[in-house]
Enquirer: 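I have a structure I would like to understand better, so I am pasting it below and will then ask my questions one at a time.
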Number of protein chains: 2
Amino acid sequence: MTRALTRKGEATRARIVAGAAAEIRERGVDEVRLEDVMAHTGTSKGQLFHYFPDGKEGLLLAVAQHEADQVLIDQEPMLSNLTSWPAWLAWRDRLIERYLAQGVKCPLNGLLGQTGRRAPGAQAIVTGLIWRWQKAITEGIRHMQSTGDIDPDLDADRAAAALLAGIQGGVLLLLSTGKIDHLEAVLDLTIDSLRAGARTGGS
Amino acid sequence: MTRALTRKGEATRARIVAGAAAEIRERGVDEVRLEDVMAHTGTSKGQLFHYFPDGKEGLLLAVAQHEADQVLIDQEPMLSNLTSWPAWLAWRDRLIERYLAQGVKCPLNGLLGQTGRRAPGAQAIVTGLIWRWQKAITEGIRHMQSTGDIDPDLDADRAAAALLAGIQGGVLLLLSTGKIDHLEAVLDLTIDSLRAGARTGGS
DNA sequence: GCAAAAATGGACCTGCAAGTCCAGAAACCG
DNA sequence: CGGTTTCTGGACTTGCAGGTCCATTTTTGC
């Protein structure tokens, strides 16, 4: 029962979300004014409030969803195919590459942090992302357990939680320090420890 | 060469910083107005700008430094004495306990995220905290290597970086999800892998 | 005790960014 | 086509939070 949207309308709406997302990535959530979005997307205030009746709140929510989806898309097809050690390393490389390129510009930074508590909907978006992300990692671990590459006694969900936490922290420290070292270290050591577990338990 | 501050003045200044910190912890950086700080600390606008001529910017910086220091203080004396496995576990327990009690209220959340890029001084505070924190962990690992409890071939600094990243991510996910699971998992699995390395390498 | 300096209170100013409104243009649909 | 809905532009309003100013009180040091 979403309201009627013409083809042109949908295009404009999408343009606003994409433009706002870019602007926020570039300069941070609370540095971006509606005016900036207007200028950057070639729209007027009337349009903004036409497509987002809840104002900035609603727009930010739409941007958050957009960016959350993008985070996972950027990891495909590796994330959904963690079925061999080379595949795991390819995923690792993709993560490093992606966040290295992204540098200090974090799409979800402000969303995880600030918006996390204020909007009730933002919370849902973030937990949804985390849940999907962790689920994909868990499945990868389970697959490796089924092939005997990882100790079957390992708690896959717990290991996935630890790995995800490491990634989040690595990215956070990248944002703070500008160096990729933490992310690299946590990825390499955590994955190595998954491999080591198989050798120890298997032989 | 700091300006003259009477005894009363220092007390007031400290009261403002502590009160502002509490308020920010409770409700988030950008939800706190100077007016809130005034009400919460029983001070007037004149006082705020008397002690913080740079206004909100300066106050936030002082709060950031205050909170950064507190983070490390809260981990003592465990953090500086990681000299046995029981000591490591005690440290682990302190971290869990501290962040469990803290819950969703994170002092450095907004500072790491938002303020990280805007103020040049905030960046320094955050990197200083990270550096000190990681150094303490590294020293703990080195000590365990000297006693043979951890594989001496391990890169201590890299391992500390990974552990610190895990902690940061665990806390971040605690803020987002409200659950301590990620932090627990990352601490337990990472510390376990440090111990396992000794057994594997030593025998 | 008394001048100088610091501390305090609060009224006032100001700029800015979110949000409102409505009139005109374009698109849709029978 | 022609009526209806959606889309677009931009001028206007509004509230509020940060910052300024100064008059008054308290503390300090001699």
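The figures here come from the full heavy-atom set of this structure, side chains too, leaving out hydrogens, waters and symmetry mates. Letters A, B, ... are given to chains in the order of the sequence lines, protein chains preceding strands, and every chain is numbered from 1.
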Enquirer: Counting heavy atoms from C-beta on, name the nucleotide in dG9(D), dG9(C), dC28(C) closest to the side chain of R7(A).
Expert: dC28(C)

Enquirer: In plain terms, say whether R195(B) and D149(B) are close enough for a salt bridge, that is, a side-chain N and a carboxylate O under 4.0 Å apart.
Expert: no

Enquirer: Could you tell me how far apart H50(A) (NE2) and dG24(C) (P) are, to the nearest whole angstrom?
Expert: 18 Å

Enquirer: With nearest nucleotide decided by heavy atoms, which residue, R15(A) or L34(B), maps closer to the 5′ end of DNA chain D?
Expert: R15(A)

Enquirer: Of the candidate nucleotides dG10(D), dT26(D), dG18(D), which contains the atom at the shortest distance from the side chain of K45(A)?
Expert: dG10(D)

Enquirer: Rounded to whole Å, how long is the line connecting atom CG of L48(B) with atom P of dA7(C)?
Expert: 14 Å

Enquirer: Start at the 5' end of DNA chain C and walk down; is the nucleotide closest to R33(A) or to G46(A) reached first?
Expert: R33(A)

Enquirer: If only side-chain N and O atoms of T12(A) are considered, is one of them under 4.0 Å from the OP1 or OP2 phosphate oxygen of dC7(D)?
Expert: no

Enquirer: To the nearest Å, give me how far apart CZ (F52(A)) and C1' (dT20(C)) are.
Expert: 18 Å

Enquirer: Of D54(B) and T43(A), whose closest DNA chain D nucleotide lies nearer the 5' terminus?
Expert: T43(A)

Enquirer: Applying a 4.0 Å non-hydrogen cut-off, can you work out what G55(A) is touching in the nucleic acid: base, sugar-phosphate, or nothing?
Expert: sugar-phosphate

Enquirer: Below the 4.0 Å mark, does dA27(C) have OP1 or OP2 next to a side-chain nitrogen or oxygen of T6(A)?
Expert: no

Enquirer: Rounded off to whole Å, could you give me the CZ-to-P distance for the F49(A) and dT8(D) pair?
Expert: 16 Å

Enquirer: Let's go through W88(B) and I141(B) carefully: what are the C-alpha distance in whole Å and the side-chain angles of both, what is the deciding distance for side-chain contact (heavy atoms from CB on, under 4.5 Å) to 0.1 Å, and is it a yes or a no?
Expert: CA-CA 10 Å; W88(B) 278 76; I141(B) 294 178; 3.6 Å; yes

Enquirer: Could you tell me the separation between the CG atom of D30(B) and the P atom of dG18(D), rounded to a whole number of Å?
Expert: 11 Å

Enquirer: Return the value, rounded to whole Å, for the distance between atom NZ of K56(A) and atom P of dG19(C).
Expert: 8 Å

Enquirer: Rounded to the Å, how far apart are Q47(B) CD and dT20(D) C1'?
Expert: 16 Å

Enquirer: Using a strict 4.0 Å threshold on nitrogen-to-oxygen distance, state whether E67(A) and R25(A) make a salt bridge.
Expert: yes

Enquirer: To the nearest Å, how far apart are L5(B) CG and dT27(D) C1'?
Expert: 13 Å

Enquirer: Is it true that the side chains of D74(A) and Q70(A) contain a donor and an acceptor less than 3.5 Å apart?
Expert: yes

Enquirer: For Q168(A) and H182(B), what are the C-alpha separation, side-chain angles and deciding distance, and is it a side chain to side chain donor-acceptor pair (under 3.5 Å)?
Expert: CA-CA 11 Å; Q168(A) 298 310 312; H182(B) 289 89; over 6 Å; no

Enquirer: Return no unless some side-chain N or O of Y51(B) is found under 4.0 Å from OP1 or OP2 of dA6(C).
Expert: no

